[in-house]
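Inspection log for the structure reproduced underneath, given as structure tokens.
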Amino acid sequence: MNVKENVQQILEHFHIEQFQHDLIDWFRTEQRDLPWRKNKDPYKIWVSEVMLQQTRVDTVIPYFYQFIEKFPTLDALADAKEEEVLKAWEGLGYYSRVRNLHAAVKEVKEKYGGRVPASKEQFSSLKGVGPYTTGAVLSIAYGIPEPAVDGNVMRVLSRIFYITDDIARASTRKKFEQIVSCIISHDDPSDFNQALMELGALVCTPKNPSCFLCPVQRHCRAFAEGVEAELPVKTKGKAPKHVAFRAIVLTNEEGKIRIEKRPSSGLLANLWQFPNDEHAPTPNEQAFIKEISERYHVVLRSIQRIGTFEHVFSHIVWHIEAYKGNALELQIDDETNKWVTVDELNQYAFPVIYQKIWQAYE
DNA sequence: AATACGTGGCA
DNA sequence: TTGCCAAGTAT
């Protein structure tokens with residue numbers, strides 16, 4: 001059976017207009033008062049959608065306020081230095097999101113005069129703009145009936161239609177996009193898409209869904225069958241790898257701190273960190289002293305242990321043995337290696353794990 | 001298709 | 001405490 005026939009079959013006996021009405025009516029009275037819902041500024045909607053990728057609403061809210069205050073318009077963000085943009089994102093995670101957003105906004109300023117394109121083709125070609133963000137921004141900001149299928153929507157619809165496809169698989173999202181394309185309200189695509197997500201966040205939750213107060217309970221096949229707790233089907237990923245290494249808060253004779261910029265791709269790209277042996281973990285403290293002395297061209301006689309730190313990423317677990325040490329400085333700064341004062345330290349974006357090490361040092 | 005890519009919250 | 005995330009995208 002091909003995809004279209006499959007979707008046809010799924011939608012058989014489904015009351016589309018009644019569903020739209022029940023869902024949107026609920027959304028209009030029950031939706032949360034969120035900062036990105038104050039207006040339809042495409043730039044602000046876009047920023048919020050990028051921040052919300054894999055990130056909780058409660059976490060995003062303070063970042064959104066601060067980011068918009070700092071970069072109130074698309075042009076303001078386009079004109080900003082990446083250093084400042086990354087700093088505004090510090091602690092939010094998935095930092096390539098904001099580097100892509102920065103690049104995309106620059107492109108919009110140059111090619112489209114600073115106006116976010118309402119064309120699916122043009123908008124979706126921008127860096128960091130995938131199928132979800134395309135649908136979300138075009139529907140919410142411009143009222144264009146495009147599906148915006150995120151984890152909430154897949155969960156809600158897997159229950160409504162009793163769909164048992166594994167939502168961890170990339171291909172499954174396309175099936176849900178087909179379905180949403182068929183059932184989306186053309187009168188109000190914005191409220192429809194947001195309502196589906198809001199329902200997933202407030203009522204049709206991953207655990208213990210509140211079916212008794214669900215506005216679309218009468219449309220839900222999983223509820224009718226009593227299987228809502230079994231859905232959605234989602235296979236789990238593999239266990240993260242463990243990596244152990246050392247890091248050091250290195251001061252010079254002026255009391256300045258040595259920091260270095262991480263590579264421009266990969267984990268925590270372009271963020272700053274303290275000297276470490278992440279890529280070639282040394283077997284003992286003496287070897288670490290030798291390594292740091294040679295790599296940074298400093299005279300380092302002794303180090304003191306600060307403590308052991310663990311940081312869990314989605315795919316890696318870092319175990320860092322942290323030290324402090326004072327060194328005789330023999331090297332000049334460049335773009336990616338600097339001696340900075342304690343005050344200057346807060347201009348640079350650090351991964352959370354290095355913030356923890358700094359706090360322990362102070 | 002499968003994996004890389006962050007973080008903090010919650011049961 | 002350990003697991004599972006939460007409004008995804010790039011490769």
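Reckoned from all heavy atoms, side chains included, excluding hydrogens, waters and symmetry mates. Source: prediction; values computed, not measured. We name chains A, B, ... by the order of the sequence lines, and we start the count at 1 in each one.
- The pair A:Glu107-A:Lys127 does not count as a salt bridge, with every side-chain nitrogen at least 4.0 angstrom from each carboxylate oxygen.
- Applying the 4.0 Å criterion to OP1 and OP2 of B:dA4, one finds that A:Tyr94 has every side-chain N and O outside that range.
- The separation of C:dT1 from C:dC5, taken at their C1' atoms, amounts to 16 Å, rounded to a whole angstrom.
- Residues from residues 181-197 of chain A with heavy atoms under 4.0 angstrom of DNA chain C, sorted by number: A:Met197.
- Between A:Trp339 and A:Leu250 there is a side-chain heavy-atom pair separated by less than 4.5 Å.
- If you check B:dG6, B:dG9, B:dC5 against the side chain of A:Thr55, the one that comes closest is B:dG6.
- Under a hydrophobic clustering in which Ile, Leu, Val, Met, Phe, Trp and Tyr are joined whenever their side-chain heavy atoms come within less than 4.5 Å, directly or via other members, A:Leu231 and A:Ile10 fall into different clusters.
- Nucleic acid contact class of A:Arg37 (heavy atoms, under 4.0 Å, all strands): base.
- Note: CZ (A:Arg99) to C1' (C:dT9) measures 13 Å, nearest angstrom.
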*ring pair (Phe, Tyr, Trp, His ring centres under 6.0 Å) evaluation trace for A:Phe313 with A:Trp318*: CA-CA 8 Å; A:Phe313 299 94; A:Trp318 270 2; 4.9 Å; yes
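- Rounded to an integer number of Å, the gap from CD of A:Glu198 to P of C:dA6 is 15 Å.
- In this model, no side-chain donor or acceptor of A:Tyr132 finds a partner on the base of C:dG8 within 3.5 Å.
- The 5' end of DNA chain B is approached more closely, in terms of each residue's nearest nucleotide, by A:Arg169 than by the other of A:Gly93 and A:Arg169.
- Residue contacts for A:Gly266: at a heavy-atom cut-off of 4.0 Å it reaches the sugar-phosphate backbone alone, with no base atom in range.
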*Report the C-alpha distance between A:Asn100 and A:Tyr95 in whole Å, list the side-chain angles of each, state the deciding distance to 0.1 Å, and finish with yes or no for side-chain hydrogen bond (donor to acceptor under 3.5 Å, both in side chains).*
CA-CA 9 Å; A:Asn100 286 151; A:Tyr95 299 94; over 6 Å; no
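- Side chain of A:Gln217 to main chain of A:Cys211: a donor-acceptor pair is present (N/O by atom type, distance under 3.5 Å, no hydrogens or angles).
- Contact annotation for A:Thr133: backbone-only contact, meaning every heavy-atom pair under 4.0 Å involves sugar-phosphate atoms and none involves a base.
- A:Val312 comes within 4.0 angstrom of a nucleotide base, judged by non-hydrogen atoms across all strands.
- Using a 4.0 Å heavy-atom cutoff across all strands shown, A:Leu34 reaches at least one base atom of the nucleic acid.
- Against DNA chain C, the stretch residues 232-242 of chain A makes heavy-atom approaches under 4.0 Å through A:Lys234, A:Lys236.
- Distances were taken from every side-chain heavy atom of A:Pro131 (C-beta onward) to each of C:dT9, B:dG6, B:dG8; the shortest belongs to C:dT9.
- Note: NZ (A:Lys207) to C1' (B:dA11) measures 6 Å, nearest angstrom.
- Here the nucleotide nearest the side chain of A:Ser314, chosen from B:dG6, C:dT9, B:dA4, is B:dG6.
- The distance from atom CG of A:Leu267 to atom P of B:dT3 is 17 Å, rounded to the nearest whole Å.
- Connection of A:Val156 to A:Val57 is not established within any shared hydrophobic cluster, with ILVMFWY side chains joined at heavy-atom distances below 4.5 Å, either directly or through further cluster members.
- If you take NE2 of A:His315 and C1' of C:dA10, they are 13 Å apart, rounded to a whole angstrom.
- Between C:dT9 and B:dG8, the distance separating the two P atoms is 22 Å to the nearest Å.
- Positionally, the nearest nucleotide of DNA chain C for A:Val57 lies more toward the 5' end than for the other of A:Val129 and A:Val57.
- Across all strands, A:Arg155 comes closer than 4.0 Å only to sugar-phosphate atoms, never to a base (heavy-atom distances).
- A:Phe19 and A:Phe14 have tilted rings, their planes meeting at an angle from 30° to 60° on a 0 to 90° scale.
- Residue A:Arg56 places its side chain closer to B:dG9 than to any other of B:dG6, B:dG9, C:dA10.
- When the nucleotides B:dC5, B:dG6, C:dT9 are ranked by their closest atom to the side chain of A:Gln53, C:dT9 comes out on top.
- Rounded to an integer number of Å, the gap from A:Leu126 CG to C:dT9 P is 13 Å.
- To the nearest 0.5 Å, atom OG1 of residue A:Thr251 and atom CZ of residue A:Arg258 are 12.5 Å apart.
- Here the side chains of A:Lys111 and A:Lys106 are not in contact, with every heavy-atom distance at 4.5 Å or above.
- Protein atom CZ of A:Arg262 is 12 Å distant from nucleotide atom C1' of B:dG6, rounded to whole Å.
- Residue contacts shown for A:Leu268 are limited to sugar-phosphate atoms, with no base heavy atom under 4.0 Å away.
- OP1 and OP2 of B:dG6 both lie 4.0 Å or more from every side-chain N or O belonging to A:His311.
- The gap from the C1' atom of C:dA6 to that of B:dC5 amounts to 15 Å, rounded to the nearest Å.
- Residues A:Glu90 and A:Trp272 bring no donor and acceptor atom of their side chains to less than 3.5 Å of each other.
- Across the protein-nucleic acid pair, A:Phe309 atom CZ and B:dG6 atom P stand 21 Å apart, rounded to whole Å.
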